[in-house]
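Each remark here refers to the structure printed beneath this line.
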Protein chains: 2
Amino acid sequence: MSPRLPVAERRAQLLQTALDVATKDGIAAVTVRRVAEDAGVALGVVHYCFSDKDELLAAMAQRIVDDLVEAGAAGLTEPATTPDLMTALEWALQGLWTSIEATRDAQLLTYEITTFALRQPALRAVADRQYQVSQEAAEGLIGIASELAGATWSRPLAEIAAEALAFVDGVTLRWLVDGDGVAARQRLQDFAVYLAGQVSDPGPNQPAS
Amino acid sequence: MSPRLPVAERRAQLLQTALDVATKDGIAAVTVRRVAEDAGVALGVVHYCFSDKDELLAAMAQRIVDDLVEAGAAGLTEPATTPDLMTALEWALQGLWTSIEATRDAQLLTYEITTFALRQPALRAVADRQYQVSQEAAEGLIGIASELAGATWSRPLAEIAAEALAFVDGVTLRWLVDGDGVAARQRLQDFAVYLAGQVSDPGPNQPAS
DNA sequence: GTCTATAGTTGGATAGAC
DNA sequence: GTCTATCCAACTATAGAC
């Protein structure tokens, strides 16, 4: 059925198939059989490319984190005009939310991966790295927003970013349950106001009052 | 091995065993076999008490939610003195955190249940109810704190509580990964400061300056 | 009414064919 | 080097014994 392929290409194909399955039906639906079937290869081919199921899951988790890095970097394009801090933070959070809302299943999957990784000692590093990457992305996003506005934080950027990350996580999780995107956006808006207050120097660009 | 028992008692026993398994090893470890084995009964007994595995899982989710209600109610005891708003909010959040920190596995399980329920159309109501209950608990806790201080919120209590709930969720999730309880407590402390600013009337009891 | 013994399904892994 | 055919373990569910 499927033509003979070098192992590296097969691996990539199977990894993508596994991610498709997980995104669509959850991590519990990822079985060696299901992946083989969806990819159109025999069962054993998966075990030829991945020593066991755990290696496949670890590769999936790694890919998701890598994609996160890429998406985070892509979202950090600077606008032409120079906004005040609150406007910059609103842009950052609303832009972030737009991409979250467009990838519901992928968001749900990241929470599944996190809890899954926390239960499996072998995947502990995956969860750690997931947050490390998210933390860096948050610092990048908030750092750029404050640079645009020329503002200076009154507390370490890392801690500001950690709080923002926690809030976005919580808001996203609730949105996954209640589906209320309007409420989620409003909560992020409120949080932008809070963040904008965490500065020692608000920068040169102040909003018209 | 195990003596004959009326179905209601068996059901309660098996439900508790299932929760113990899930708390210890995750929801994926909850199999009909494992529950039967840990409870010391034959396999079929579980199917006699629960029509199928889904009913067992649904019952587990319901029990967790019920326990949440109970724990929330228990935490709402009023102290003797009358604090200012920020002190009251700190008490509320730090007390909440103490109970979260003491039940790490149970916290992880609630996130697992949430994502699990979101993947299973039949359990959709479980996730909804999980948040409904949490929301009510949050409103209760924050409502009491502000009543103690005699403060009046500038926005609907429901929305204040929703934001606090989101933040606590996010902070807890991260703590599950990085284990940094000190950082978590500090984040909740910062959030208490934010909340204390969300009033139209801070109440009669002001902190000594 | 309660529990046991057994059937049938799905899953992970591997020896060996090409 | 790549893939197929097969094995064995673990699971859910039920028919029927006590």
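Order of the sequence lines sets the chain letters (A, B, ...), proteins ahead of strands, with each chain counted from 1.
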key: Test log, rule side-chain hydrogen bond (donor to acceptor under 3.5 Å, both in side chains), inputs B:Gln13 and B:Glu9   = CA-CA 6 Å; B:Gln13 176 206 5; B:Glu9 286 179 37; over 6 Å; no
Please enumerate all protein N or O atoms sitting under 3.5 Å from an N or O of nucleotides 8-12 of chain C, with distances to 0.1 Å.
| from | atom 1 | to | atom 2 | distance (Å) |
| --- | --- | --- | --- | --- |
| C:dG11 | N7 | A:Arg33 | NH1 | 3.1 |
| C:dG12 | OP1 | A:Lys53 | NZ | 3.2 |
| C:dG12 | OP2 | A:Val32 | N | 2.9 |
| C:dG12 | N7 | A:Arg33 | NH1 | 3.4 |
| C:dG12 | O6 | A:Arg33 | NH1 | 2.8 |

query = Heavy atoms under 4.0 Å, any strand shown: does A:Val7 hit a base, just sugar-phosphate, or nothing?
reply =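 The residue A:Val7 makes sugar-phosphate contact but no base contact.
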query = Is there a side-chain hydrogen bond (donor to acceptor under 3.5 Å, both in side chains) between A:Ser200 and A:Trp153 once you walk through the steps?
reply = CA-CA 6 Å; A:Ser200 54; A:Trp153 298 108; over 6 Å; no
Send over the distance from [X] [atom1] to [N] [atom2], rounded to a whole Å.
X       : N      : atom1 : atom2 : result
B:Asp54 : D:dC11 : CG    : P     : 17 Å
A:Leu5  : D:dT4  : CG    : P     : 12 Å
A:Glu9  : D:dG1  : CD    : P     : 16 Å
B:Arg11 : C:dT2  : CZ    : P     : 13 Å
A:Arg4  : D:dC3  : CZ    : P     : 6 Å

key: Which residues share a side chain to side chain contact (heavy atoms under 4.5 Å, CB included) with B:Ile113, sequence neighbours left out   =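 B:Ile27, B:Ala61, B:Ile64, B:Leu109, B:Val126, B:Gln130.
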query = Under 4.0 Å between a side-chain N/O of A:Tyr48 and OP1 or OP2 of D:dT2, yes or no?
reply =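 A:Tyr48 to D:dT2 OP1/OP2: side-chain N or O found under 4.0 Å.
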Salt bridge flag under 4.0 Å for residues B:Arg34 and B:Asp25 =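 Salt bridge: yes.
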ask   = Can we say A:Asp20 and A:Lys24 salt-bridge, meaning some charged N sits less than 4.0 Å from an Asp/Glu carboxylate O?
value =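 No, no charged N to carboxylate O under 4.0 Å.
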message = If the condition is side chain to side chain donor-acceptor pair (under 3.5 Å), which residues does A:Asp66 pass it with, not counting sequence neighbours?
response =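 So A:Asp66 forms a side chain to side chain donor-acceptor pair (under 3.5 Å) with A:Gln62.
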